[in-house]
Amino acid sequence: VAGKGAGAEEQGIAIAISGMMELPAMFGFTWLLKKAPCAKWLRVSCICFVIKAVLTLIAPNYMWIYVAQIFQMGGFATYQVGTVEYLGSVIKAEDAVRGQTYLATTLNAGSLIAFCIGGFICQYAGVNVMVLTAVVLAVTGGAIVWMATAKIKINQ
């Protein structure tokens with residue numbers, strides 16, 4: 001947020017907005033599944049990831065960073081809950097604990113690697129290059145999820 005004219009207080013507010021946006025999607029995911037299958041919500045999450053990354057990249061000031069955080073609801077929160085639901089629908093009950101462990105390990109390892117690479121990019125190439133990289137990776141990941149969910153019908 002420093003590049004957008006803000007400081008630590010605004011960064012904290014942005015993170016708080018992001019966290020608050022996750023709760024309705026996480027608690028309401030069962031209701032969302034009644035409206036559409038899990039595959040659709042995984043696709044929605046990919047679209048929201050891209051929108052949030054693009055808004056963060058083009059934000060003219062820190063207020064737009066706040067607006068971008070709203071997409072955390074449809075992005076990260078929906079993806080996190082959706083992947084658990086997806087796993088539950090494609091794995092045998094006796095393998096559920098192992099599957100959940102693999103999922104948690106993969107997501108955490110991916111986050112750790114992303115934080116390290118993101119920090120490296122930020123330090124040596126700048127924040128805008130890091131956020132542009134996030135946009136490219138969000139589009140790439142979204143395309144992969146889109147193709148995967150087209151092949152596997154979840155909760156139908």
Side-chain angles (χ1 to χ4, degrees), residues 1-88 99-146 148-149 154-155:
V1 295
K4 308 296 182 183
E9 180 180 351
E10 291 81 11
Q11 178 68 35
I13 291 169
I15 291 170
I17 292 169
S18 178
M20 288 186 295
M21 290 293 104
E22 291 178 1
L23 296 176
M26 288 182 166
F27 286 119
F29 198 75
T30 302
W31 179 80
L32 291 175
L33 287 175
K34 293 176 184 175
K35 303 296 179 192
C38 188
K40 179 179 181 178
W41 299 115
L42 288 172
R43 288 177 172 189
V44 166
S45 73
C46 294
I47 292 166
C48 289
F49 272 124
V50 172
I51 292 170
K52 181 181 175 189
V54 168
L55 282 176
T56 302
L57 180 65
I58 66 171
N61 56 49
Y62 71 89
M63 293 302 287
W64 278 95
I65 299 294
Y66 295 167
V67 172
Q69 298 310 310
I70 294 169
F71 289 92
Q72 186 79 359
M73 179 187 298
F76 180 76
T78 304
Y79 180 77
Q80 284 292 106
V81 180
T83 56
V84 172
E85 179 66 28
Y86 164 75
L87 189 63
Q100 292 293 340
T101 302
Y102 287 151
L103 176 64
T105 301
T106 302
L107 293 174
N108 285 324
S111 293
L112 180 62
I113 292 166
F115 292 146
C116 291
I117 292 172
F120 181 82
I121 292 170
C122 187
Q123 183 172 356
Y124 294 105
V127 174
N128 285 336
V129 173
M130 180 192 66
V131 178
L132 180 60
T133 302
V135 170
V136 170
L137 292 175
V139 169
T140 303
I144 292 167
V145 170
W146 202 277
T149 56
I154 304 168
N155 288 341

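In what follows, every heavy atom counts, from backbone to side chain, and hydrogens, waters and symmetry copies are set aside.
- Heavy-atom contacts from other residues, nucleotides or ligands closer than 6.0 Å to NZ of Lys4 number more than 12.
- Summarising the geometry, atom CD1 belonging to Ile117 is positioned 7.0 Å from atom CD1 belonging to Ile121; distances are rounded to the nearest 0.5 Å.
- Annotation: side chain of Phe115 is in contact with side chain of Ser111 (closest heavy-atom distance under 4.5 Å).
- Closest heavy-atom contact between Gln100 and Leu87: N-CD2, 3.5 Å.
- Note on ring orientation: taking the six-membered ring where Trp is involved, the planes of Tyr66 and Tyr62 are perpendicular (angle over 60°, cut-offs 30° and 60°).
- Here the side chain of Glu10 pairs a donor or acceptor atom with the backbone of Gly7 at under 3.5 angstrom.
- If you take SG on Cys122 and CG on Asn128, they are separated by 9.5 Å, rounding to the nearest 0.5 Å.
- Counting heavy atoms from C-beta on, the side chains of Thr101 and Thr105 come closer than 4.5 Å.
- In this structure a side-chain-to-backbone donor-acceptor pair under 3.5 Å is missing from Trp64 to Leu55.
- Looking at every heavy atom in both residues, Pro24 comes nearest to Met20 through CD-O, 3.2 Å.
- When side chains are defined from C-beta on, Met21 counts as touching Ile17, because their heavy atoms get closer than 4.5 Å.
- When all heavy atoms are compared, the tightest approach of Ala53 to Val131 is O-CG1, 3.7 Å.
- Taking each heavy atom of Leu42 and Thr83 in turn, the nearest pair found is CD2-N, 3.9 Å.
- Ile15 is listed as a side-chain neighbour of Gln11, based on a closest heavy-atom distance under 4.5 Å.
- With Thr149 contributing its side chain and Trp146 its backbone, the two residues share a donor-acceptor pair below 3.5 Å.
- Residues Gly75 and Cys48 share a closest heavy-atom pair of N-CB, 3.4 Å.
- Closest heavy-atom contact between Thr78 and Met73: OG1-O, 3.0 Å.
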Exercise for the section: Please report the C-alpha distance between Ile13 and Glu9 in whole Å, then the side-chain angles of each, then the deciding distance to 0.1 Å, and finally whether the side chain to side chain contact (heavy atoms under 4.5 Å, CB included) criterion is met. Expected result: CA-CA 6 Å; Ile13 291 169; Glu9 180 180 351; 4.2 Å; yes

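- In this structure, the separation between CG on Leu137 and CG on Leu132 is 9.5 Å, given to the nearest 0.5 Å.
- Around the OH atom of Tyr79, the shell of radius 6.0 Å holds no more than 12 heavy atoms that belong to other residues, nucleotides or ligands.
- Formation of a donor-acceptor pair under 3.5 Å by the Ser18 side chain with backbone atoms of Ala14 is not found in this model.
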